[in-house]
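Take a look at the structure set out below.
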Amino acid sequence: MSSSSEVDVVIVGAGISGLYQLYKVRNLGLRARVIEAGSGVGGTWYWNKYPGARCDIESTFYSYSFSPELEQEWIWKEKFTGQKEILRYVNHVADRFDLRKDITFDTRVTSAIYDESAKRWKVHTDSEETIGAQFLVMATGVLSVSKMPEVPGIDKFQGNSYHTAQWPDNGVDFTGQRVGVIGTGSSAVQSIPIIAKQASELTVFQRTPAFCLPAGNRPLTDHEIAQTKANYATLREAERNSRAGIPAVPTTKSAFEVSDDERRAKYERGWQDGNFIHIIQSYSDVMINKEANETICEFVREKIRSIVKDPQTAETLCPRSYAFGTKRVCLESGYYDAFNSDHVHLVDLRKTPLVEITASGIRTSEAEYDLDAIVYATGYDAVTGALNRIDIRGKGGVSLREKWSDGPRTYLGLAIAGFPNLFVVTGPQSPSVFTNMAASIEQHVNWIADCIAYARREGAAEIDASADAEEAWVAHASAIAESTLYMCTNSWYTGSNVPNKPRVLLGYLGGLDNYTAKCNDVAAKQYEGFLLTPVS
Ligand code: NA7
């Protein structure tokens, strides 16, 4: 039965972004509804229950900073937190701030249509509800639409198939099974060592090898936990003022201004620390100059050769076709070592491409592999995927899909010209994907809440990014992207993992610090680049 209701703000998604956005708009005294497709809170951490799922940012920084009380009462026990513990934390936050009462679970938003005369959004759900709201915040996440490979026969397989992003709640026991894993990104790198411990035979189908650093995950000592708690304010300040949402000392030195030994020692510290961001930021030119970047690539390749005993397998695992850091670097816990086991095999799909999935397994151009289970660790339609799934129509009935047919266009990654009163958390052309996501999320949500408060204070019915401001931001973001090595690599960062997706860098590379300064400046100048329409 259809129903309708009216609120001030609709928020789509109850992950880390959506929950905090709800908290913030409630504090403005606004009525809000959150619509969430899952049966619980957590977003990415709700869905990604695959074995070994773990955050690649240290727990000290991958958490909310808005509540000092929460920071003090919650204890992160490990250096890098696993999925279950993050989900426990997000559920704790939902309870502690009494957020659940405004969240509707198991419901998808199907369309959002802007009513120009009422200057309000009409949000439709798959449970036939229509919710009217002045503001619409898309907190749909960057890795929330999973992607299967474009290979024939997927439905023919008679064994069990799993995508890492839709893992069964009760887990999977692969004991005694012949398992195939397709993909070698972060999800595969994290799950393979665990699947290898159970499976009788594990075959990994690799198209592009990943650069991996050892996570070096370990329990935090009581002293470390106490130190973090005593210094949270300073740590958070450093986090916010950093390029990637993790405190780091920026350098203006080229990789070639130092000796080979000094350079290696720096990379070694990043390697030992499981800190790929420190390596990416180690020298000023490593992400813009191929030769400088190659010094990191070769450092990692040497490490791979030192871990993986079979020289042929080691070479196949060595990335060569792209620059370090231009695909998300993976943190591994026994990934490379897994290939030292006799029952773990590596298939190089560059040499013997995937032909089809058959009833009994996987066929490449060279061989047929009989399997009991296939794990698809084949990634996501990232950043724009979840937004484009919803039929979003702004002024003049223009659909967001049409507007973005040549690639996403936003102002600050937060607003879209012609789509008034709509905001995006972790949107395209925001720095989120290149940062500690938690730090970016808080910055975005705070800014959006302030902007909504401003519009209401000003008595505006509508606040819309101007086409000029959007144009300038897109040009600025793409000029930075073009000056780096990121655009040379096919990855989800550039949208090139999805057929026919426009090849555009989906994040902003100017740094979270500079980006925050720009956003603050826009706000200080009465939301420069936005057009306000008064209530008529
Ligand atoms: P990723 O990083 O996008 O990895 C997907 C993997 O799947 C990658 O190795 C792909 O190879 C591979 N893939 C995708 N399609 C195919 C086909 N058709 N054939 C063979 N191999 C294929 O996704 P993840 O889930 O691992 O990680 C996503 C993010 O989560 C990660 O970046 C972290 O931020 C956390 P390709 O590289 O395209 O050749």
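In listed order, ligands and their atoms are each counted from 1. Only a predicted model underlies this, so the values are computations on that prediction, with no experimental measurement involved.
His444 has its ring centre no less than 6.0 Å from the ring centre of Trp447. Between Trp473 and Tyr508, a ring centre-to-centre spacing shorter than 6.0 Å is recorded. With ring centers used as reference points, Phe434 lies under 6.0 Å from Tyr486. In this structure, the ring of Phe66 has its center less than 6.0 angstrom from the ring center of Tyr23.
At a 4.0 Å cut-off, at least one heavy atom of Arg350 sits close enough to ligand 1 to count as contact. At a 4.0 Å cut-off, not a single heavy atom of Val151 sits close enough to ligand 1 to count as contact.
Looking from atom 5 (C) of ligand 1 to the surrounding protein, the closest heavy atom is Ala377 O, 3.3 Å. Atom 25 (O) of ligand 1 has as its closest protein heavy atom Ser187 OG, 2.6 Å. Of all protein heavy atoms, the one lying nearest to atom 20 (C) of ligand 1 is Leu349 CD1, 3.6 Å. Summary of contacts: the protein heavy atom closest to atom 2 (O) of ligand 1 is Gly185 CA, 3.8 Å. With hydrogens left out, the protein atom closest to atom 18 (N) of ligand 1 is Pro149 CB, 3.1 Å, a heavy atom. Counting protein heavy atoms only, atom 3 (O) of ligand 1 is closest to Trp492 CD1, 3.5 Å. Distance from atom 9 (O) of ligand 1 to its nearest protein heavy atom, with residue and atom name: Thr184 N, 2.9 Å. The shortest contact between atom 10 (C) of ligand 1 and any protein heavy atom is with Arg207 NH2, 4.4 Å.
Other residues, nucleotides and ligands contribute more than 12 heavy atoms inside 6.0 Å of the CG atom of Asp173. Within 6.0 Å of CD in Glu150 there are more than 12 heavy atoms belonging to other residues, nucleotides or ligands.
Taking a cut-off of under 4.0 Å to the non-hydrogen atoms of Gly183, the atoms of ligand 1 that pass are 6 (C), 7 (O), 9 (O), 12 (C). Taking a cut-off of under 4.0 Å to the non-hydrogen atoms of Gly379, the atoms of ligand 1 that pass are 3 (O), 5 (C), 23 (O), 25 (O). Taking every non-hydrogen atom of Thr208 and a distance limit under 4.0 Å, the qualifying atoms of ligand 1 come out as 36 (P), 37 (O), 39 (O).
Under a 4.0 Å N-O distance rule, the pair Arg305/Glu302 does not qualify as a salt bridge. Ionic pairing of Arg320 and Glu315 is present here: one or more N-O contacts between side-chain nitrogen and carboxylate oxygen are shorter than 4.0 angstrom. A salt bridge between Lys77 and Glu224 is absent, with no side-chain N of the basic residue lying under 4.0 Å from a carboxylate O of the acidic one.
Contacts with ligand 1 closer than 4.0 Å are made by no heavy atom of Gln206, backbone or side chain. Contacts of His163 with ligand 1, taken as heavy-atom pairs under 4.0 Å, are absent altogether. Counting heavy atoms under 4.0 Å from ligand 1, residue Phe205 does not touch it at all.
Ligand 1 has no N or O atom lying under 3.5 Å from any N or O atom of Thr164, backbone or side chain. Polar contact with ligand 1: absent for Lys147 (N/O pair, distance under 3.5 Å). Polar contact with ligand 1: present for Lys327 (N/O pair, distance under 3.5 Å).
By the 4.5 Å heavy-atom criterion applied to side chains, Gln21 and Val34 are not counted as neighbours.
Screening residues 187-214 for ring pair (Phe, Tyr, Trp, His ring centres under 6.0 Å), with sequence neighbours left out, gives Phe205-Tyr369, Phe211-Tyr322, Phe211-Phe324.
Between Trp74 and Tyr89, the ring planes lie perpendicular to each other; the angle is over 60°, past the 30° to 60° tilted range.
Taking each of Thr378, Thr44, Ile182, Val181 in turn, the one with a heavy atom nearest to atom 13 (N) of ligand 1 proves to be Thr378. One option in Leu143, Asn48, Ile57 has a heavy atom closer to atom 29 (C) of ligand 1 than any other, and that option is Leu143. One option in Ala165, Ser321, Ser186, Ser191 has a heavy atom closer to atom 35 (C) of ligand 1 than any other, and that option is Ser186.
Of the N and O atoms on the side chains of Tyr267 and Thr295, at least one donor lies less than 3.5 Å from an acceptor on the other residue.
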